[in-house]
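Beneath this line is the structure, given in structure tokens, with notes to follow.
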Amino acid sequence: MFGTSQSRIVIIRLNRAGYEAVFVGGAVRDYLLGKEPTDIDIATSATPAQVKSVFLNTVDLGTEHGTVLVIESGEPIEVTTYRTEGMYSDNRRPDKVQFVTSLEEDLKRRDFTINALALRLNGEVVDPFNGRADLSSRTIRAVGHATERFNEDALRMIRAVRFVSVLGFQLETSTKESIACLSHKVKTLSVERIKTEFDKLFRGASAQHALQLIKETRLSGALPLYPVNHELWISSAPFRSPMEGWASLMVTGNFKASEVAHAYKLSNKERIFLQAVQHFYSVRQQRAYTIEDYYKSDVITLNVVEKLIVEVDGQNGIEEKTIEKSIARLPIHSKQDLAVRGQQLMCWTDKKSGKWLGESLQAIENAVLHQEISNDENAIKEWFLHEYQHKE
Ligand code: ATP
Ligand code: MG
């Protein structure tokens, strides 16, 4: 049986109220591929107002676009009214959506045949564009006329290659040719939409193939920031995480972390991660890691750096296990792990807070990290009062 019990209840309730309701989109595709679906989407002939009248607990997710979030027994489920779309002239949202009552009309506006499938509660698959045949032959094919569809929304070209990466499928010839012809249109897209698709692309097992296609179709030339040195870039796929993908783009493109973060509007956290990779990558190009390096970094960052050292620089990398051990062996992992706080130092010395306090804590941190003293209050006190202070 498909879907969660809550999502089936949503469909049953809509059906009982006299509306058609079906599962659609990626979840149906993944189900037919025997994969665990991520988010479950429901499409219905009911208008947003009608959907809201059927359920007690709903949240508006942009009713002008037809989507209502139904909270059923604590589970949020997106319910979208059957609709057609016009152009995406701002390349963010369709200019006009028109609600319709025909499921087939709704499926027609979808990007690829494998995403234009619907599943009824009784298990019947609605497949007006032969999506199932394309699933079997592992093909990404635009619904209808590829050029028209990519002209309506240029993001579909990026989505095509991200599905190649995630599903390991091939691009159907005319779909690929249309991308090669219209790739420049990607320049007009909002970068947030591109970034979302790239995060998914980087997670795919066939990222290498997708990057190859980005080059062949010249999408590369239209993207905000993209490595000129494609061969290197392509060789470093697949990635273990989206951030490894962004880091790889940064290094093979010879870009700075801040440039990548700015061009693709990465989050602060993502920018900080890239900055750490940039720093430790340049460290590793010169020498092995020191205790300080292990202390200031973490396993995830250094694993990404090592991958780049191997793939991009062709050097021997340090194994993940070695990195893990080197970090685990450290006596402390941050200042918080120290057995003493500033308060104790003020008490021992009977001095007020001041510049000396930060410097002393720093010295203690260093001494503990390098195992000159053990991370124990008495040992630290002894060292601090009798060795450190005398040295000062
Ligand atoms: P995923 O498993 O990564 O969520 P998905 O196919 O569900 O993949 P979504 O971005 O969640 O992708 O979109 C849900 C569905 O909406 C798609 O399957 C497709 O039918 C339709 N869709 C999404 N974006 C577009 C678009 N730009 N143009 C046309 N149809 C789209
Ligand atoms: Mg989805």
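In each ligand, atom 1 is the first atom listed, and ligand 1 is the first ligand listed. What's counted below: heavy atoms across the whole structure, side chains too, no hydrogens, waters or symmetry copies. Everything quoted here is computed from the prediction, not taken from an experiment.
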Minimum-distance pair of heavy atoms, taken over all atoms of L249 and L225: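 Minimum heavy-atom separation between L249 and L225: CD1-O, 3.9 Å.
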
Heavy-atom neighbours of K335 NZ exceed 12 at 6.0 Å: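 Enclosed: over 12 neighbouring heavy atoms sit under 6.0 Å from NZ of K335.
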
Are any of the side-chain nitrogens in [X] or [Y] under 4.0 Å away from the carboxylate oxygens of its partner?
{"X": "D199", "Y": "R162", "result": "no"}
{"X": "E85", "Y": "R83", "result": "yes"}
{"X": "E152", "Y": "R149", "result": "yes"}

Protein contact to [atom] [nearest heavy atom, distance to 0.1 Å]:
{"atom": "atom 14 (C) of ligand 1", "answer": "D41 OD2, 4.0 Å"}
{"atom": "atom 27 (N) of ligand 1", "answer": "D153 OD2, 2.9 Å"}
{"atom": "atom 6 (O) of ligand 1", "answer": "R29 NH1, 2.8 Å"}

To which of [options] does the heavy atom nearest [atom] belong?
{"atom": "atom 15 (C) of ligand 1", "options": "E152, R203, R110", "value": "R110"}
{"atom": "atom 4 (O) of ligand 1", "options": "D30, D111, D39", "value": "D39"}
{"atom": "atom 24 (N) of ligand 1", "options": "R159, R162, R193", "value": "R159"}

Of K185, R193, R109, the residue whose pairing with D153 passes side-chain hydrogen bond (donor to acceptor under 3.5 Å, both in side chains):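 With D153 as partner, side-chain hydrogen bond (donor to acceptor under 3.5 Å, both in side chains) holds for just one option, R193.
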
Nitrogen or oxygen of G26 less than 3.5 angstrom from that of ligand 1: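 Such a contact does occur with ligand 1.
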
N or O pair under 3.5 Å between R156 and ligand 1: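 In this structure, R156 places an N or O atom under 3.5 Å from an N or O of ligand 1.
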
Which pairs would a plain distance check flag for residues 112-124, meaning a side-chain donor or acceptor within less than 3.5 Å of a matching protein atom at least two apart in sequence or in another chain?
{"from": "T113", "atom 1": "OG1", "to": "D134", "atom 2": "OD2", "distance (Å)": "2.7"}
{"from": "N115", "atom 1": "OD1", "to": "R29", "atom 2": "NH1", "distance (Å)": "2.7"}
{"from": "N115", "atom 1": "ND2", "to": "D111", "atom 2": "OD1", "distance (Å)": "3.1"}
{"from": "R120", "atom 1": "NE", "to": "E124", "atom 2": "OE1", "distance (Å)": "3.3"}
{"from": "R120", "atom 1": "NH1", "to": "E20", "atom 2": "OE2", "distance (Å)": "3.4"}
{"from": "N122", "atom 1": "OD1", "to": "E124", "atom 2": "N", "distance (Å)": "2.9"}

Closer than 4.0 Å to some heavy atom of [X] - which atoms of ligand 1 meet that?
{"X": "G25", "result": "18 (O)"}
{"X": "R109", "result": "29 (C), 30 (N)"}
{"X": "K200", "result": "3 (O), 4 (O)"}

Region of N115 engaging ligand 1 - heavy atom pairs below 4.0 Å: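 N115 to ligand 1: contacts from backbone and side chain alike.
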
Mode of F163 contact toward ligand 1 - side chain, backbone, both, neither (heavy atoms, under 4.0 Å):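 It is the side chain that touches ligand 1; the backbone stays farther off.
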
Approximate separation, where rounding is to 0.5 Å, of F55 CZ and I77 CD1: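 Reported to 0.5 Å precision, the distance equals 8.0 Å.
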
Residue among V305, I309, L308 satisfying side-chain contact (heavy atoms from CB on, under 4.5 Å) with Q285: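 That would be I309.
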
